[in-house]
2 protein chains.
Amino acid sequence: MTVTLADVAARAQVSPATVSRVLNGNYPVAASTRERVLKAVDELDYVLNGPASALAAATSDLVGILVNDIADPFFGIMASAIQSEIGGPGGRAGGERLAVVCNTGGSPERELTYLTLLQRQRAAAVVLTGGAMENAPHAAAVAAKLRKLSEAGTRVVLCGRPPAPDTDAVALTFDNRGGGKELTEHLIGLGHRRLGYIAGPEERTTTRHRLEGHRAALAAAGIEEDPRWTVHGRYDRRSGYEATLELLRRDPTITAVVAANDSVALGACAALRESGLRIPEDVSVAGFDDLPFSIDAVPSLTTVRLPLAEAGARAGRIAMGREEPPPGRVATARGELMVRGSSGVPRT
Amino acid sequence: MTVTLADVAARAQVSPATVSRVLNGNYPVAASTRERVLKAVDELDYVLNGPASALAAATSDLVGILVNDIADPFFGIMASAIQSEIGGPGGRAGGERLAVVCNTGGSPERELTYLTLLQRQRAAAVVLTGGAMENAPHAAAVAAKLRKLSEAGTRVVLCGRPPAPDTDAVALTFDNRGGGKELTEHLIGLGHRRLGYIAGPEERTTTRHRLEGHRAALAAAGIEEDPRWTVHGRYDRRSGYEATLELLRRDPTITAVVAANDSVALGACAALRESGLRIPEDVSVAGFDDLPFSIDAVPSLTTVRLPLAEAGARAGRIAMGREEPPPGRVATARGELMVRGSSGVPRT
DNA sequence: AGCGGTACAGCAAGCGCTTTCTATACGAGG
DNA sequence: CCTCGTATAGAAAGCGCTTGCTGTACCGCT
C-alpha cells in the first residue's frame with residue numbers, strides 16, 4: 001500500500017541502507033547511486049515515515065513553541081520570529097524541522113500536558129514564551145519537566161520569561177520591571193500624582209514585575225500609593241475597559257491610567273472616552289509592549305516597546321543550536337519607552 | 001537510561017503487552033493489574049515514546065493547523081478555536097492530541113513543505129485556514145497533496161478557504177463576496193459614489209472574492225468604476241497606510257475607502273488623518289473581519305464580522321470526526337455587516 | 001607484482017511499541 | 001466430575017527506519 005524505503009531500494013537496485021543514507025546525506029554515496037535513488041524516490045512519490053525514523057534515530061525534528069494565547073499578537077509575533085529561525089520550511093536552516101505552536105491558554109495543566117506531549121514526541125527543542133505562573137507547586141512541576149526534557153536531549157529555551165531555577169534552560173527575559181518603572185517615571189515627570197494601575201492576572205511573573213516597577217517609580221518620587229488605584233484583570237481589552245470603569249468609580253480624580261499591556265490600554269481608552277474624559281487632556285493612558293496597532297490608536301499610545309521579534313529570533317537560533325547561549329544562560333532585554341500622544345501634562 | 005515499556009512491565013510484574021493495553025485502555029485488564037501497572041508508571045515516571053507507538057500503531061495523534069500569518073489575530077482566533085476543539089490538553093476530547101500550528105507566511109512552497117512534513121508524521125488531521133493561492137500549478141500541487149493525505153487516512157478540513165476541487169477535503173468557507181457586496185452597498189446607500197478600494201495581494205482567493213463583491217455592488221448601483229480606485233497591497237496596516245496615500249494621490253475626491261481587512265483599514269485611517277481628512281466627515285472607511293481591536297478604533301470601524309471562532313470550532317470538531325461534515329462537504333458562512341462610526345454620509 | 005588505503009555498498013541488529021494469536025484459569029452447565 | 005465459554009495475560013512478530021560493522025573493489029605506491 002504505502003511506499004517504504006525498501007520499495008525505493010528495490011527500484012533503485014540498492015540496499016535500504018543506501019537509500020537512507022542518500023536521504024540523510026551524511027555518509028558518502030557515489031553520485032551515480034545517489035541520482036538513481038533520488039529518481040526512484042521521485043517516481044514512487046516516496047515520503048519518509050517520520051515516526052519510524054524518529055524511533056530508529058532516537059531524535060525527531062519537532063520543535064515545540066508554547067504560548068499563552070495564540071490569538072494575542074504579543075505571542076503571535078514571538079512565535080512567528082521563533083519559527084522563522086527554526087528553519088521550518090523555507091527557513092535558512094538545512095534540515096527541515098516542524099515548528100509547532102501549542103496554545104496553553106494560560107492554564108498550568110495544559111502547559112504541563114503539552115510539555116509531556118512534546119517529551120513523548122522526543123522534541124528536538126522547546127521554547128516557552130510569555131510570563132510564568134507564580135504558583136509554587138506548578139512552577140516546581142514545570143521545572144521538573146524541563147529538567148527531564150534537557151536530560152533527554154531536548155534543548156529548552158525561555159523567551160520573554162524569567163529563568164527557571166534548577167534547570168539548564170536558557171532564558172531570554174524582558175526587563176518588565178525596568179520598563180514599568182520608566183513608564184511611570186515618565187508620567188510622574190509630566191506631573192501626574194494620582195495614577196491608576198490596571199494589572200494583569202495575579203500569579204503571573206509579568207504582572208508582578210511590571211507592577212513592581214510602577215510602584216518603585218512611585219516610591220522613588222515619594223508618592224504614597226492608594227490601594228484603590230490598583231485593579232487586577234486579564235490581559236485583554238475587555239478587562240481594561242471594565243477595570244477602568246472600576247478605577248473611575250473608586251477615585252474619579254486620577255489623572256493617569258497605566259495598563260498591563262496595550263490591549264488593556266485600548267480598553268481603558270474606550271472606557272475613558274465613554275465616561276466623557278479626553279485623552280490625554282483629562283486622563284493620560286499608557287500601555288506596554290508596543291504592538292503594531294498601538295501606534296494607530298487615537299491618540300497613539302505611549303507604551304514600552306519590547307523587542308519581541310528580536311528575542312524570538314534569538315530564542316529560535318539558540319533552540320537550534322545555531323547561536324551560543326548567553327553567558328550564565330540568562331540574557332535580559334530592556335524595553336524602550338515610546339512617548340506618544342496618549343500621555344500629557346495633567347490638568348491642574 | 002530512558003524508561004521503556006519493558007521497564008514498567010518488569011516493575012509491575014506483567015508483560016509489556018499488558019502495560020500497553022492499560023495505557024491505551026481498549027482491552028480488558030483486571031482492575032488489580034491495571035492499578036499495579038499505573039503505580040509502576042508513576043513510580044518510574046514513564047513517558048510513552050510517541051514515535052514508537054505511532055510506528056507500531058500506524059497512526060499518530062498529531063493534528064496540523066496551517067495558517068498564513070500567525071501574528072495576525074485573524075488566524076490566531078481561528079487557530080485558537082480549532083485547537084480548543086482538537087482536544088489538545090484540557091479539551092473535552094478524550095485522547096490527547098498534539099495540535100500544531102504551522103506558519104506558512106503565505107508562501108506556497110512553505111505550505112507544501114508543511115503538508116509534506118505533516119504527511120511524513122502521519123498526522124491524524126490537517127486544517128488549512130485562510131484564503132488559498134490562485135496560482136494554478138500550486139493549487140494543483142496542493143490538491144494532489146491533500147488527496148495523498150486523505151488516502152493515508154488523514155482527515156482534511158479547509159477553514160475560511162474555498163473548496164479544493166478533486167479532493168475530499170471538507171470546506172468551511174466564508175462568503176467573502178457577499179460580505180464585500182453588502183459593505184459597499186452600505187456605503188453607496190449613504191450616498192458615496194467615488195470609492196477607493198485597497199485590495200489584498202493578488203492571486204489570493206480572499207482578495208478576489210471581496211473585490212468581486214465590491215464591484216458587484218458598484219455595478220448594481222450603476223456606478224462605473226475608475227481603475228485608479230483600486231490599489232493592491234498586503235494584508236497589513238502598513239500596506240493600508242501606503243495604499244491610502246496612493247489612492248489620495250490618484251484621486252483626491254474619493255469619499256470612501258474600503259479596505260481588504262481591518263488592519264489595512266486602520267492603516268488607511270492613519271493615512272487619512274495625517275492628510276488632514278476627518279473620518280467619516282471627509283472620508284468614510286470600512287474594513288473586513290471585525291477583529292477585536294476594530295471596535296476600539298476611533299471612530300470605531302464599520303466592517304463585516306466573520307464567524308472566525310465558530311468556523312474554527314466546527315472545523316476542529318470535523319477534523320476530530322466529532323461532527324458530521326456538512327452535506328456536499330461544503331458549508332458557507334455569511335458575514336454580518338457591522339455599521340459603526342467610521343462610515344457616514346459624504347459631504348456633498 | 002604485492003601491499004595498504006580509500007571509497008562505497010550491504011548486512012543485520014535493533015529502536016520501543018502494538019496487536020494477533022495463543023495459553024491459562026476459573027466458574028457454570030450437563 | 002468433566003467440558004466449555006469467558007475473562008485475562010503472555011509470546012512473538014512485526015511497524016519502517018538508522019547505523020555500526022563488515023565486505024569488496026579499485027587506486028596509488030614501493
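Residue numbers begin at 1 in each chain, while the letters A, B, ... track the order of the sequences. All values below come from the heavy atoms of this structure, side chains included, with hydrogens, waters and symmetry mates left out.
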Residue whose closest nucleotide on DNA chain C lies nearer the 5' end, A:Ala31 versus A:Pro16: A:Ala31

Residue A:Leu5, side-chain heavy atoms: nucleotide from C:dT18, D:dT18, C:dC8 that is nearest: D:dT18

Rounded interatomic separation in angstrom, taking CG from B:Leu23 and P from C:dT19: 13 Å

Short side-chain N/O contact to D:dT18 OP1/OP2 from A:Ser20, under 4.0 Å: yes

Nearest to side-chain heavy atoms of B:Ser15, which nucleotide of C:dC15, D:dC15, D:dA11: D:dA11

Candidate nucleotides D:dC15, D:dG10, C:dC8, ranked by approach to the side chain of A:Pro28 - the nearest: C:dC8

B:Tyr27 OH to C:dT19 P, straight-line distance once rounded to whole Å: 12 Å

Check ion pair A:Glu134-A:Arg204 (N to O, under 4.0 angstrom): no

Whole angstrom value for the distance that separates P of C:dG16 from CG of B:Asp7: 9 Å

B:Asp45 and A:Lys148: CA distance, side-chain angles, deciding distance, salt bridge (charged side-chain N to carboxylate O under 4.0 Å, His left out) verdict: CA-CA 10 Å; B:Asp45 224 356; A:Lys148 286 263 160 50; 2.4 Å; yes

Salt bridge (charged side-chain N to carboxylate O under 4.0 Å, His left out) evaluation trace for B:Glu43 with B:Lys39: CA-CA 6 Å; B:Glu43 289 170 351; B:Lys39 183 153 161 286; 3.3 Å; yes

Distance in angstrom units between A:Arg122 CZ and D:dT18 P, rounded: 18 Å

Stepwise side chain to side chain donor-acceptor pair (under 3.5 Å) test for A:Thr116 and A:Thr113: CA-CA 5 Å; A:Thr116 303; A:Thr113 318; over 6 Å; no

Sugar-phosphate only, base, or nothing, as touched by B:Ala17 at under 4.0 Å among non-hydrogen atoms: base

B:Leu55 CG - C:dG16 P separation (whole Å): 12 Å

Touch class at under 4.0 angstrom, heavy-atom based, for B:Ala30 against every strand present: sugar-phosphate

For the student: nearest non-hydrogen atoms of A:Cys102 and B:Leu98, plus distance: SG-CD2, 3.8 Å

Rounded distance (Å) that lies between atom P of D:dG16 and atom CG of A:Asn49: 7 Å

Shortest side-chain distance from A:Thr18, nucleotide among D:dG10, D:dG16, C:dA9: C:dA9

First of B:Ala57 and A:Val19 reached from the 5' end of DNA chain D, by closest nucleotide: B:Ala57

Separation of D:dT19 P from A:Arg21 CZ (nearest whole Å): 10 Å

